[in-house]
Structure formats: structure tokens, C-alpha cells
Amino acid sequence: MIEIVNLIKAYQKEIVLDIAELTIEKGELFGLVGNNGAGKTTLFNLILDLIVPSKGHVTSQGIIVHESEDWKAFTGAFIDESFTIGYLTPDEYFAFVGGLRDMNQSDLELYLKDFDEFFNREIRGKKKFIRDLSKGNQKKVGLAAAMMGKPEVVILDEPFANLDPSSQYKLRSLIRTQAAEQGTTFLISGHTLDNITEVCTRIVILEKGKIVKDVPKTATTLKELENFFAGVKEPDTFVLD
Ligand SMILES: Nc1ncnc2c1ncn2[C@@H]1O[C@H](COP(=O)(O)OP(=O)(O)OP(=O)(O)O)[C@@H](O)[C@H]1O
């Protein structure tokens, strides 16, 4: 479980994130949407202790993330390409991360087999460095590494961006399968509303650093989100939390 308490991030005097209270339960597929600059990456960076909160704190399984490193053992993340190591090949990088996650070679092969279709023969068994792959293929390497080793929490910032449509479908399926089989908690941000609503069980909208909606996914959520971002008057059924 992740708990956010009185969390504020400000740069100079500008508050870019302000969340009084937010709890994400174990096994939840939590989708975070919002316009450019809404604060999605800032929130994920705070949960991953990549930036320091101005006020408040985040706990992951009861551990205050800016006071202890213990949460790192059960957390996988991909925010951007800085999470990979550009001068390794994908296979070298997978072996490196697998080692950190106590996986032997056969665990690694078994795990990566599920990514065969997603990789589309562009990633493994090549001599290319990660930095020389296309943007989409670099992202695939980072995503596969983030989900590796049965982490209890996986945080993915805009995982669908830069992926071709068939890769987006495959990624949806990989995330759903891992969540169903391992009870993984996923926190996923994005701009493609159909991907987020299809994968996630709960959707939160951030606007200028604040949560303006927090709703469980239902059959009508996609339409309601589209209306929200198109500026259409809010339907009565869209529950404001
Ligand atoms: N280091 C920084 N210094 C000053 N302002 C920053 C810094 N990092 C982020 N911000 C500001 O914080 C706000 C939130 O940015 P953030 O990247 O979290 O938004 P986002 O929702 O992820 O946007 P996008 O959809 O464009 O990726 C923006 O106004 C941004 O300019």
C-alpha cells in the first residue's frame, strides 16, 4: 500500500503538486491522467524519492520513502531513458537488473519469453547498445526491466508513449497479466485515455498539481474522461470524489 500525506512540492514559491491525502491499495491498477504540466511525473518522482518533498511524505508498505531505501527491493520503475544504461546491450542490461533482483539465467529467460511478441525481434540477441535503439525500443527495454523480478509495486510514467499501436496492445496485456498473476500494484500515467482506462481499475485526474477526480473504472469511464478533457459539461453519473 502507498500512502501520501500532506504532500507538497514547490519550486521557488510555485506549488506544482499539492495532495492532502491519497492511498493506493495493494494490487490496484492506478491510472494517473492530466494535461501537460499537471504534476504526474512530479508525483511519481516523489514516490520514488527522486526529488525531495517541500512538505509531507510518501510511505510505501509503511516505509517513508525519503527516510529509508528499503522500499527499493520491492519496487520497479521506468520514468525515462535515464533508468536504463545506454552503453549496455539490452541482454547485458537485463542480466544486470536480473542480478539485482536475484534472478538466475533460467528465471530471466522464462520472464523474457513473455516479452517475445512485445520485443518483435528488435531487442534481444543484437549487438546494439540501448542508446542506439529507436526511442520506442529503448522504452521497451526499460519497461521489461521495471517489471522484472516480481516487484510488488511498479511505477510507469507514460509507458504507452512512443509505442506503435500493436505494441500498446501487447503492453496492456503484459501489465494486466502480471497484475492478475502476482497481485502487483501498478501506477501508470499517460495521455492516451483508452490505454489507461482499459488497463487501470482506478483513474485519478490531476490538474495544476491537485486531484480533481478519483474514480473507479466503469464501462463509461473512457467517455467521461474524453468529455472532461474536451471541456464538455460533467455528466451527472461522473462522481466527484
Ligand atoms: N526542476 C524543476 N524546476 C521548476 N519547475 C519544475 C521542475 N520540475 C518540474 N517543474 C514544474 O512542475 C510542473 C509539473 O511538471 P510535471 O513534469 O510533473 O508534469 P506532467 O503532468 O508530468 O506533464 P507532462 O504531461 O507534460 O509530462 C510543471 O509546471 C513543471 O514546469
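When a ligand or atom number is given, it counts from 1 through the structure's own listing order. Bear in mind that the values here come from a model prediction, so they are computed numbers and not experimental data. Here, residue 1 is the first one in the sequence, and each next residue gets the next number.
Counting heavy atoms from C-beta outward, R172 and D194 have side chains that approach closer than 4.5 Å.
Distance check for atom 17 (O) of ligand 1: a protein heavy atom is found below 4.0 Å.
Considering backbone and side-chain atoms together, E14 places no N or O closer than 3.5 Å to any N or O of ligand 1. Of the polar atoms of G37, at least one N or O is found under 3.5 Å from an N or O of ligand 1, judged by distance alone.
A centroid separation of less than 6.0 Å is found between the aromatic rings of F94 and F119.
In the vicinity of N36, heavy-atom distances shorter than 4.0 Å reach the ligand 1 atoms 23 (O), 24 (P), 25 (O), 26 (O). Ligand 1 places these atoms under 4.0 Å from at least one heavy atom of V16: 11 (C), 12 (O), 13 (C). Here is the list of ligand 1 atoms found below 4.0 Å of a heavy atom in A38: 19 (O), 20 (P), 21 (O). Atoms of ligand 1 lying under 4.0 Å from at least one heavy atom of E158, given by number and element, are 25 (O), 27 (O). Residue T42 has at least one heavy-atom neighbour below 4.0 Å for each of these atoms of ligand 1: 14 (C), 15 (O), 16 (P), 18 (O).
Minimum heavy-atom separation, L143 to F118: CD1-CZ, 4.1 Å.
Ranking the protein heavy atoms by distance from atom 25 (O) of ligand 1 puts K40 NZ, 2.7 Å first. With hydrogens left out, the protein atom closest to atom 5 (N) of ligand 1 is Y11 CD1, 3.3 Å, a heavy atom.
The pair K55-D18 fails the salt-bridge criterion, with no side-chain N (NZ, NE, NH1 or NH2) lying under 4.0 Å from an Asp/Glu carboxylate O. Salt bridge R124/E109: present, at least one basic N to carboxylate O contact under 4.0 Å. Using a 4.0 Å cut-off between a side-chain N of Lys or Arg and a carboxylate O of Asp or Glu, R176 and E198 qualify as a salt bridge.
Residue contact annotation: Q12 has no non-hydrogen atom under 4.0 Å from ligand 1. In this structure, H191 has a heavy atom closer than 4.0 Å to ligand 1. Close to ligand 1: N35, with a non-hydrogen atom less than 4.0 angstrom away.
Taking the ring axis of F115 as reference, the NZ or CZ atom of K113 does not stay both within 45° of it and closer than 6.0 Å to the ring centre. Judged by the 6.0 Å and 45° rule, K139 forms no cation-pi pair with F78.
When I203, V204, D214 are each tested for a side-chain contact (heavy atoms from CB on, under 4.5 Å) with F30, only one passes: V204.
Contact annotation for T41 and ligand 1: heavy atoms of both the backbone and the side chain come within less than 4.0 Å of the ligand.
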